[in-house]
Amino acid sequence: MSAILRLDMTSRTHSLSESANAEMAGRWLTSSLVAAEVPPLAHPLGPGNKVVFAPGIVTGTRAPSSARVSVGGKSPLTGGIKESNAGSSWAADLASMRIKAIVVEGQPATHSVWWGAHITWDSSQAKPAVHFFDATEYANKDLYEVFPRIYERFGDKASVAACGLAGERGLANSGIAFNDLGKRPSRYAGRGGLGAAMGSRGLKFIVVDATGAPGVAVSNSSLFDGGRQKMFEALRSHAITKPQGALNTYGTAVLLNILNEAGGLPTRNFTAGRFEGAGKIAGEAIFEGNKQRVGRDVYNHACSPGCVIQCSNTWHKPNGKEHVSCLEYESAWSLGANCGIDNLDDIAELVRLCNAYGVDTIEMGTTLGVAMTAGVLSFGDGKRAIQLMHELEVGTPLGRVLGSGTDTAARVFGVSHVPTVKGQSMPAYEPRAVKGMGATYATSTMGADHTAGYTVAPEILSSGGKVDPLSPEGKAALSRAFQATTAFVDSTGHCLFIAFPILDIPSGYQGMLEECNGVLGTNWTADDVLRIGGDILKTERAFNIKAGIGAAQDRVPEFMKNEPLPPHNHVFDIPDEALDSVYAGL
Amino acid sequence: MCLTSRTKPLTPSTPDFSKADRGTELPVPRRPVLSSMHVKVKLFASLAAMVPGSTPGTPVDVELPPESDVRDLVSRLNLPEDALRVIFVNGRAEGMERVLRETDEVGLFPPIGGG
């Protein structure tokens, strides 16, 4: 059985059907379902939108670092198709119930009641059971307060997906929170406003308990086990992903110093490529600060079961108590360098508030950056930024503006220096200094998205090759290759960080193929990775075109073509024809 | 050094051309040669721990013979070459053979990644 579970929020009923294509999972499945079932011109908050949750091909198996879920829908932020991805036990639990996807569709006639869905395994019927519960008492509250109550009600074995108060209010910058291994509401399918897509279905929670579930069906165990072993060895031996390697020691925030050194760390709303305070908020500073405050070396932990990379960090307060987990590169950058804030305690509080209210940290930081450009608050004023987050919670008009994303805030405040593509803001790599990322931001179906085609690896990290980040040559093809491969990896259920070892270690790449073939009974090779990845991108692009998002939107903002960025003083100079060739070449 | 105690200003010695014998070659003035140069080096992530007294990102002043390259610098720091993955000189990625100049700023990274 590979079931599609539908939650009809109009009637509060559910149904199970067999999945039409047993191979599809993760992003492949969410994009396929969204493209087939959501009218491209549907209003993202209206009755036609759907939210699709799909674990990956090997999620729920013993494949290492594979507990990821894709969440798809029409994005309230971009108006195009969206796939957003998170790591959580929730993903593995769903997969072990042999649920390929949950499709949340319809919406209640009134919004006076909030609902949760509790999904358990009914052994007597050998299928999932669904019970809708009134979740109104948990609405409009800090998720850090709410998650413990949900665990108390549904038990320790539960996994929880939730929209926060931002999603309840239909704010375009709202994500979907998932539990981490410490039961914190801290893992996010953050980008693109899917929290509002979920909230507009009237659904606040999906609580999953996989007790008694049969586990993922594996077609060829010995092939799978061999592949799994290769993947495991690649992850454990590579300098970036190994125990006490870069990610386990410093977390993703280890990137702050290298992007700063390269002159590609977007600073003060993308006006410079270096931030003088980068060293104070980087992964090394987090490690040292923790050491001082906790009194010992603090290494990082796993976000989800089966992860051997374990890159999630925790920032501690001066008294040694936990402040927030975790402080990712993107969050430390957007709420730090991009806002001119160099104080880790302020950044940690901003991250905690984003998690509490249910917003994406990247989009929040770039929204604040635009507000700072407009003079709503000063660059560097972390304390004022924290106050403005509280306004978001209270729901003042200013708070609502700030919760609606970077483009909206820029429009309200009359700012032209806006770092967005297709309505989604750029993450922590400056297109004028890391030009392949400019190509990815411009052309990705997701809007400006860094994970979609992470050319940073060869351009900055000398990982999987080495190319000059300041050269415009060859970047369209590079971005295309990364985008297609990534779409496939996003469908496997693996964390995208497997890319570091598998790009360098051929047996690791082979392991990924054998894991998938072992589970599905397929015979995929590297050619199929690009074929499937390319098909996913074509499906997404076709949806976007029908939604009114086409080649004219495959561009970086005007100011990046005109204003040289210090310290290297480059503009974004990949020609439009080259950008158009990214999809023409698929 | 207290300059006010000097009675005569310091001047570099120059040849006395007035005494040159016409018809013979004029003496060639010797250019002063730098005996060493200084570069600033920042070590990041796990590399900082490999060099005593350095903290991640804080520049360390290193004195090197002129015409030294990055390889010489790495050797001077007692870093194993294979510990490095990315070398920046003044914000541009370079290789071991890059010749260094006075006031160059070098950033050294081990293999790192993220998202």
Side-chain angles (χ1 to χ4, degrees), chain A residues 238-242 244-247 249-264 273-274 278-280 282-285 287-288 309 311 328-330 427-428 433 450-451 454 456-457 459-464 466-470 495-497 499-501 503-504 567-568, chain B residues 38-62 64 69-71 73-74 77-115:
Chain A
H238 194 278
I240 294 174
T241 53
K242 70 184 186 189
Q244 296 194 2
L247 282 171
T249 308
Y250 299 110
T252 59
V254 76
L255 291 179
L256 271 141
N257 282 319
I258 197 169
L259 265 303
N260 195 54
E261 202 60 25
R274 280 221 177 117
K280 291 185 177 177
E284 296 97 323
F287 187 86
E288 285 308 310
I309 303 173
C311 75
E328 302 281 21
Y329 170 57
E330 290 292 338
H450 64 298
T451 60
Y454 196 67
V456 176
E459 287 190 287
I460 300 290
L461 306 175
S462 295
S463 182
K466 186 172 170 183
V467 298
D468 179 4
L470 292 164
C495 173
L496 193 53
F497 291 166
F500 295 116
L503 287 179
D504 281 345
H568 297 302
Chain B
H38 292 258
V39 298
K40 287 198 187 315
V41 185
K42 285 174 284 182
L43 298 141
F44 294 98
S46 53
L47 293 182
M50 292 185 184
V51 176
S54 90
T55 51
T58 309
V60 173
D61 192 283
V62 179
L64 290 165
D69 59 18
V70 174
R71 177 164 276 120
L73 168 65
V74 172
L77 292 169
N78 283 322
L79 283 170
E81 279 186 25
D82 61 11
L84 304 186
R85 179 64 79 93
V86 187
I87 298 160
F88 285 98
V89 182
N90 303 329
R92 305 291 295 251
E94 301 282 2
M96 290 284 187
E97 61 295 329
R98 160 63 149 93
V99 174
L100 294 167
R101 294 182 274 276
E102 177 82 17
T103 75
D104 272 346
E105 293 200 3
V106 180
L108 299 176
F109 293 86
I112 61 173

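Each chain gets a letter, A, B and so on, in the order the sequences are listed, and its residues count up from 1. Hydrogens, waters and symmetry mates play no part in the numbers below; they use all other heavy atoms, side chains included.
- Under the 4.5 Å side-chain criterion, counting only non-hydrogen atoms from C-beta, B:Thr55 is not in contact with A:Glu288.
- Tested against A:Ser462 for a side chain to side chain contact (heavy atoms under 4.5 Å, CB included), the candidates B:Val86, B:Leu84, B:Ile87 yield a single pass: B:Val86.
- Of the two parts of A:Ile258, the backbone and the side chain both hold a non-hydrogen atom closer than 4.5 Å to a non-hydrogen atom of chain B.
- Within the 4.5 angstrom heavy-atom criterion, only side-chain atoms of A:Asp468, from C-beta onward, approach chain B.
- For chain A, the option among B:Gly113, B:Gly57, B:Pro56, B:Pro111 with the highest count of heavy-atom pairs below 4.5 Å is B:Gly113.
- The choice from A:Leu255, A:Ile460, A:Val456 that makes the most heavy-atom pairs within less than 4.5 Å of chain B is A:Leu255.
- Among the candidates A:Ile309, A:Thr249, A:Leu470, the residue making the largest number of heavy-atom pairs closer than 4.5 Å to chain B is A:Leu470.
- Judged by distance alone, the side chain of A:Glu261 and the main-chain N or O of B:Gly91 form no donor-acceptor pair under 3.5 Å.
- Residues A:Asn257 and B:Phe109 have side chains in contact (heavy-atom distance under 4.5 Å, counting atoms from C-beta outward).
- Both the backbone and the side chain of A:Val254 have a heavy atom closer than 4.5 Å to some heavy atom of chain B.
- With chain B as the partner, the residue from A:Gly279, A:Ala239, A:Ala262 showing the most heavy-atom pairs under 4.5 Å is A:Ala262.
- The CZ atom of B:Phe44 sits 11.0 Å away from the CG atom of A:Leu256 when rounded to the nearest 0.5 Å.
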As a quick check of understanding, evaluate side chain to side chain contact (heavy atoms under 4.5 Å, CB included) for B:Arg85 and A:Ser463, giving each step before the final call.
CA-CA 9 Å; B:Arg85 179 64 79 93; A:Ser463 182; 4.1 Å; yes

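- Of the listed residues (A:Thr451, A:Asn260, A:Thr252, A:Leu496), the one with the most heavy-atom contacts under 4.5 Å to chain B is A:Thr252.
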